Participant: 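Take a look at this one; I'll ask things after.
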Amino acid sequence: MVPLAAEVCNGFLIMSFGAAPPILFVIGPTGTGKSALALQVARELDAEIVNCDSRQVYADFPCITAQPSAEEKARCAHHLYGFLPSTKSMDAGKFVRMAQDVLADLQSRGKLPVLVGGTGLYMRSLVYGLAPIPDIPQDIHERILTLCQEQGPGKLHHRLQDEDPDTASRLHPHDWQRITRALEVYAATGRPLSWWIRMHPCDQPRYAAKSIGLWSDLEVLTPFLQARIENMCAQGAVQEVEQAWRRCPDESVPGWSGIGCWELLQAFLGRWSLEEAKRAWLKNTRAYAKRQLTWFKKEPSIDWWSPGQDISIVQAVKDWLGHSGVGTK
RNA sequence: GGAGGGGUACCCAAGUGGCCAAAGGGAGCAGACUGUAAAUCUGCCGGCGUAAGCCUUCGGAGGUUCAAAUCCUCCCCCCUCCA
């Protein structure tokens, strides 16, 4: 796929493609076997796998975040896994920029990108784009965060009602993370967040995305999540935490907030027993899976399957590619 | 056998006459979410009901009172100490 035309629109370069390039998503809650399915698809089609998960980017936690093994990576090219130090943060904007580069590369080589992951926001941002809000300067970010700590989110919400009433009206006064984000955007750009969104509604897909969803109800999923935790511990999750702590002994850093990482760290630091840590790990994983289900439920046009139907799914993907006429060997 | 402490909703736990279907926390359930998203936040959470409301709850059985989770009597269980 090669851009046919480039046009300037509102000062931003918009690439328009002759046809939206095809990409495949494999999504669903954690622990449903997305990675294995993606590998299966990649083996049968000329595809490469691209991470679409906010946690599998961290280099320190390959086991706990269930990144592909060396053997799996040898079998098929994997992109955007395990490259980020724990001190660095990830966000949807960075992800979209990186993923776009990878996709462009794959398309130029005629490979089908298979995006695998559970981060709904990243998936949506990649397909529909994000308002082109510039990165917020660190000093502004820190200033507003400090303000929030000192004054509390309620005060800031009040301030947001002046600066960006539209955003304020849709945010709960306790939602400090989104409130500070909105204030940052205004402070850094002089425009309210709602203005950016109005100018760039991001309601048109930029790729011909096919989404395979692996659905599993929580009750069904829970025993698998439990087993996976035990499995991860057997695979060296505890040692992974020890090593990560040696490299980065600062809990407040982004990498440590991953589910399982933080809980095991509590055990490693002697605050919890290993059993307590595992219990919290499972509970938090379950809650996370539930949030994922809630998100994906309302995501449009996902082709839902039950876990374990990989062969039929591969066939469905082939049919889709046949119809779209691109990307097959 | 004696002395003391205690039994409250799925769990922990506050409540010592009316403002109590009962604080708070946890768990559970549902949801929101355009750059921290494995994050952040919200709602529900005895039963029936859209609601007003009705019904059944504070170990059990009686009693006092206009009114009891709260006071009295007896009984059952648990814990600590003394023997």
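Just so you know, these numbers come straight off a predicted model, no measurement behind them.
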Participant: Can you tell me how far C1' of rC33(B) sits from CG of Leu171(A), to the nearest Å?
Facilitator: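 Rounded to the whole Å, the gap is 9 Å.
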Participant: Got a salt bridge between Asp91(A) and Arg181(A), using NZ or NE/NH1/NH2 to carboxylate O under 4.0 Å?
Facilitator: no
Participant: For atom P, what is the distance between rG4(B) and rC74(B), given to the nearest Å?
Facilitator: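 Rounded to whole Å, the distance is 14 Å.
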Participant: Specify the closest pair of heavy atoms between Glu276(A) and Trp272(A), including all atoms of both residues, with the distance to one decimal.
Facilitator: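 Reported closest heavy-atom pair: OE1-CA, 3.3 Å.
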Participant: Once you apply the 3.5 Å cut-off to both distances, tell me the Watson-Crick or G-U wobble partner of rU16(B), or none.
Facilitator: none
Participant: State plainly whether the residues Asp105(A) and Arg109(A) are in salt-bridge range, i.e. N to O under 4.0 Å.
Facilitator: yes
Participant: Looking at rU36(B), I'd like to know if its phosphate oxygens (OP1 or OP2) sit under 4.0 Å from a side-chain N or O belonging to Lys88(A).
Facilitator: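 No, because none of the side-chain N or O atoms of Lys88(A) sits under 4.0 Å from OP1 or OP2 of rU36(B).
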Participant: May I have the list of side-chain donor-acceptor pairs in residues 183-194 of chain A shorter than 3.5 Å, sequence neighbours left out?
Facilitator:
{"residue": "Glu184(A)", "atom": "OE2", "partner": "His141(A)", "partner atom": "ND1", "Å": "2.4"}
{"residue": "Thr189(A)", "atom": "OG1", "partner": "Val185(A)", "partner atom": "O", "Å": "2.7"}
{"residue": "Thr189(A)", "atom": "OG1", "partner": "Arg191(A)", "partner atom": "N", "Å": "3.1"}
{"residue": "Thr189(A)", "atom": "OG1", "partner": "Arg191(A)", "partner atom": "O", "Å": "3.1"}
{"residue": "Thr189(A)", "atom": "OG1", "partner": "Trp196(A)", "partner atom": "NE1", "Å": "3.1"}
{"residue": "Ser194(A)", "atom": "OG", "partner": "Asp164(A)", "partner atom": "OD1", "Å": "2.6"}

Participant: Of all the nucleotides listed (rA27(B), rA30(B), rA37(B)), which has the minimum atom distance to the side chain of Lys283(A)?
Facilitator: rA27(B)
Participant: Report yes if a donor N or O on one partner sits less than 3.5 Å from an acceptor N or O on the other, where the partners are the side chain of Arg178(A) and the base of rC33(B); otherwise report no.
Facilitator: yes
Participant: If you only use heavy atoms from C-beta on, which nucleotide in rA30(B), rU36(B), rA38(B) is closest to the side chain of Thr180(A)?
Facilitator: rU36(B)
Participant: Can you tell me if Phe224(A) has over 12 outside heavy atoms packed within less than 6.0 Å of its CZ?
Facilitator: no
Participant: Categorize Gly129(A) for me: base, sugar-phosphate, or nothing, with a 4.0 angstrom heavy-atom threshold over every strand shown.
Facilitator: nothing
Participant: For rC58(B) and rG53(B), measure between their P atoms and round to the nearest Å.
Facilitator: 23 Å
Participant: By the 4.0 Å heavy-atom rule, please label Arg291(A) as base, sugar-phosphate, or nothing.
Facilitator: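 Arg291(A): base contact, heavy atoms under 4.0 Å.
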Participant: Sort out the partner of rG1(B) for me: Watson-Crick or G-U wobble, both distances under 3.5 Å, none otherwise.
Facilitator: rC82(B)
Participant: Between Arg286(A) and rG28(B), is there a side-chain N or O to OP1/OP2 distance below 4.0 Å?
Facilitator: yes
Participant: If each of Arg170(A) and Tyr288(A) is mapped to the nucleotide of RNA chain B with the nearest heavy atom, which maps nearer the 5' terminus, i.e. the 5' end?
Facilitator: Arg170(A)
Participant: Would you jot down, in residue-number order, the residues of residues 236-273 of chain A having a non-hydrogen atom under 4.0 Å from RNA chain B?
Facilitator: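 Output list: Ser257(A), Gly258(A), Ile259(A).
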Participant: Is the glycosidic angle of rG35(B) within 90° of 0, making it syn, or outside that range, making it anti?
Facilitator: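 Classified syn.
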Participant: If you check the Lys297(A) side chain, which of rA30(B), rG35(B), rA38(B) turns out closest?
Facilitator: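 It is rA30(B).
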Participant: Using atom CG of Asn284(A) as one end and atom P of rU40(B) as the other, report the distance to the nearest whole Å.
Facilitator: 10 Å
Participant: Give none if rA69(B) has no partner; otherwise give the nucleotide forming a Watson-Crick or G-U wobble pair with it, both distances under 3.5 Å.
Facilitator: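 Across any shown strand, rA69(B) pairs with none.
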Participant: Just compare rA38(B), rU36(B), rA32(B) and give me whichever is closest to any side-chain atom of Gln56(A).
Facilitator: rA38(B)
Participant: Taking distance alone, no hydrogens or angles, what donor-acceptor pairs closer than 3.5 Å link side-chain atoms of residues 58-65 of chain A to residues at least two apart or in another chain?
Facilitator:
{"residue": "Tyr58(A)", "atom": "OH", "partner": "Lys88(A)", "partner atom": "O", "Å": "2.8"}
{"residue": "Asp60(A)", "atom": "OD1", "partner": "Arg247(A)", "partner atom": "NE", "Å": "2.7"}
{"residue": "Asp60(A)", "atom": "OD1", "partner": "Arg247(A)", "partner atom": "NH2", "Å": "3.0"}
{"residue": "Asp60(A)", "atom": "OD2", "partner": "Ser86(A)", "partner atom": "OG", "Å": "2.6"}
{"residue": "Thr65(A)", "atom": "OG1", "partner": "Phe61(A)", "partner atom": "O", "Å": "2.6"}
{"residue": "Thr65(A)", "atom": "OG1", "partner": "Gln67(A)", "partner atom": "NE2", "Å": "3.0"}

Participant: Would you indicate what Tyr122(A) reaches in the nucleic acid, counting non-hydrogen atoms under 4.0 angstrom: base, sugar-phosphate, or nothing?
Facilitator: sugar-phosphate
Participant: Closer than 3.5 angstrom, by distance alone: can the side chain of Lys94(A) be matched with the main-chain N or O of Ser89(A) as a donor-acceptor pair?
Facilitator: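 Between the backbone of Ser89(A) and the side chain of Lys94(A) there is a qualifying donor-acceptor contact (under 3.5 Å).
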Participant: I need the NE2-P distance between His157(A) and rC41(B), as an integer number of Å.
Facilitator: 14 Å
Participant: Give me each pair satisfying ring-ring contact (aromatic ring centres under 6.0 Å, His included) with a member in residues 86-105 of chain A, each pair once, sequence neighbours excluded.
Facilitator: Phe95(A)-Tyr122(A)
Participant: For Asp175(A) and rG35(B), what is the distance between atoms CG and P respectively, to the nearest whole Å?
Facilitator: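 Going from CG in Asp175(A) over to P in rG35(B) covers 11 Å.
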Participant: I'd like the C1' distance from rC10(B) over to rG17(B), given in whole Å.
Facilitator: 29 Å
Participant: Rounded off to whole Å, could you give me the CD-to-P distance for the Gln177(A) and rU34(B) pair?
Facilitator: 13 Å
Participant: Rounding to an integer number of Å, can you tell me how far Met123(A) CE sits from rA38(B) C1'?
Facilitator: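 Value for this atom pair: 17 Å.
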Participant: Name the nucleic acid region contacted by Ile133(A), choosing base, sugar-phosphate or nothing; use a 4.0 angstrom heavy-atom cut-off, strictly under.
Facilitator: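 The residue Ile133(A) makes base contact.
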Participant: Please state how far atom CD1 in Ile64(A) lies from atom P in rA38(B), giving the value in whole angstrom units.
Facilitator: 16 Å
Participant: Counting side-chain heavy atoms from C-beta on, which of rC33(B), rC41(B), rU34(B) comes nearest to Trp176(A)?
Facilitator: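 Out of rC33(B), rC41(B), rU34(B), the nucleotide with an atom closest to Trp176(A)'s side chain is rC41(B).
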Participant: Could you go through residues 30-39 of chain A and list every donor-acceptor pair under 3.5 Å that involves a side-chain atom there, pairing it with any protein atom two or more places apart or in another chain?
Facilitator:
{"residue": "Thr30(A)", "atom": "OG1", "partner": "Arg228(A)", "partner atom": "NH2", "Å": "2.6"}
{"residue": "Thr32(A)", "atom": "OG1", "partner": "Pro29(A)", "partner atom": "O", "Å": "2.8"}
{"residue": "Lys34(A)", "atom": "NZ", "partner": "Gly28(A)", "partner atom": "O", "Å": "3.1"}
{"residue": "Lys34(A)", "atom": "NZ", "partner": "Pro29(A)", "partner atom": "O", "Å": "3.0"}

Participant: Look at the side-chain N and O atoms of His200(A) and state whether any lies under 4.0 Å from the OP1 or OP2 oxygen of rU34(B).
Facilitator: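 Looking at the OP1 and OP2 atoms of rU34(B), neither is under 4.0 Å from any side-chain N or O of His200(A).
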Participant: Base, sugar-phosphate alone, or nothing: which one does Thr65(A) contact when heavy atoms must sit under 4.0 Å apart?
Facilitator: base
Participant: Expressed as a whole number of Å, how far does the P atom of rA23(B) sit from that of rA9(B)?
Facilitator: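 Pairwise P distance, rA23(B) against rA9(B), rounds to 13 Å.
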Participant: Taking the side chain of Ala131(A) as heavy atoms from C-beta outward, which of rC41(B), rA37(B), rU34(B) is closest to it?
Facilitator: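 Of the candidates, rU34(B) comes closest.
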Participant: When the distance from CD of Glu299(A) to P of rG31(B) is rounded to whole Å, what number comes out?
Facilitator: 15 Å
Participant: Are the charged groups of Arg279(A) and Glu263(A) less than 4.0 angstrom apart, N to O?
Facilitator: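 Here Arg279(A) does not pair with Glu263(A) in a salt bridge, since their nearest N and O are not under 4.0 Å apart.
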Participant: Can you tell me the base-pairing partner of rU57(B)? Count Watson-Crick or G-U wobble geometry only, both distances below 3.5 Å, and say none if there is no partner.
Facilitator: none
Participant: When both hydrogen-bonding distances must be under 3.5 Å and the geometry is Watson-Crick or G-U wobble, what is rU42(B) paired with, if anything?
Facilitator: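 Checking every strand shown, rU42(B) finds its partner in rA30(B), with both distances under 3.5 Å.
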Participant: Mind jotting down which residue pairs meet the ring-ring contact (aromatic ring centres under 6.0 Å, His included) criterion with at least one end in residues 282-310 of chain A? Sequence neighbours excluded, please.
Facilitator: Trp215(A)-Trp304(A)
Participant: What nucleotide among rC41(B), rA38(B), rA32(B) has an atom nearest to a side-chain atom of Asp53(A)?
Facilitator: rA38(B)
Participant: Mind checking Arg279(A) for me? I need base, sugar-phosphate or nothing, with any heavy atom below 4.0 Å counting as a touch.
Facilitator: nothing
Participant: State the pairing partner of rG35(B); accept Watson-Crick or G-U wobble contacts with both distances under 3.5 Å, and report none otherwise.
Facilitator: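 The base-pairing partner of rG35(B), which may sit in any strand shown, does not exist here.
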Participant: If the P atom of rC72(B) is compared with that of rG7(B), how far apart are they to the nearest Å?
Facilitator: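 These two P atoms come out 15 Å apart once rounded.
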Participant: With sugar-phosphate meaning primed atoms plus P, OP1 and OP2, does Thr119(A) contact a base, only sugar-phosphate, or nothing at under 4.0 Å between heavy atoms?
Facilitator: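 Here Thr119(A) touches the backbone only, sparing every base.
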Participant: Counting only side-chain nitrogens and oxygens, does Thr30(A) get under 4.0 Å of the OP1 or OP2 atom of rA38(B)?
Facilitator: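 Result: no.
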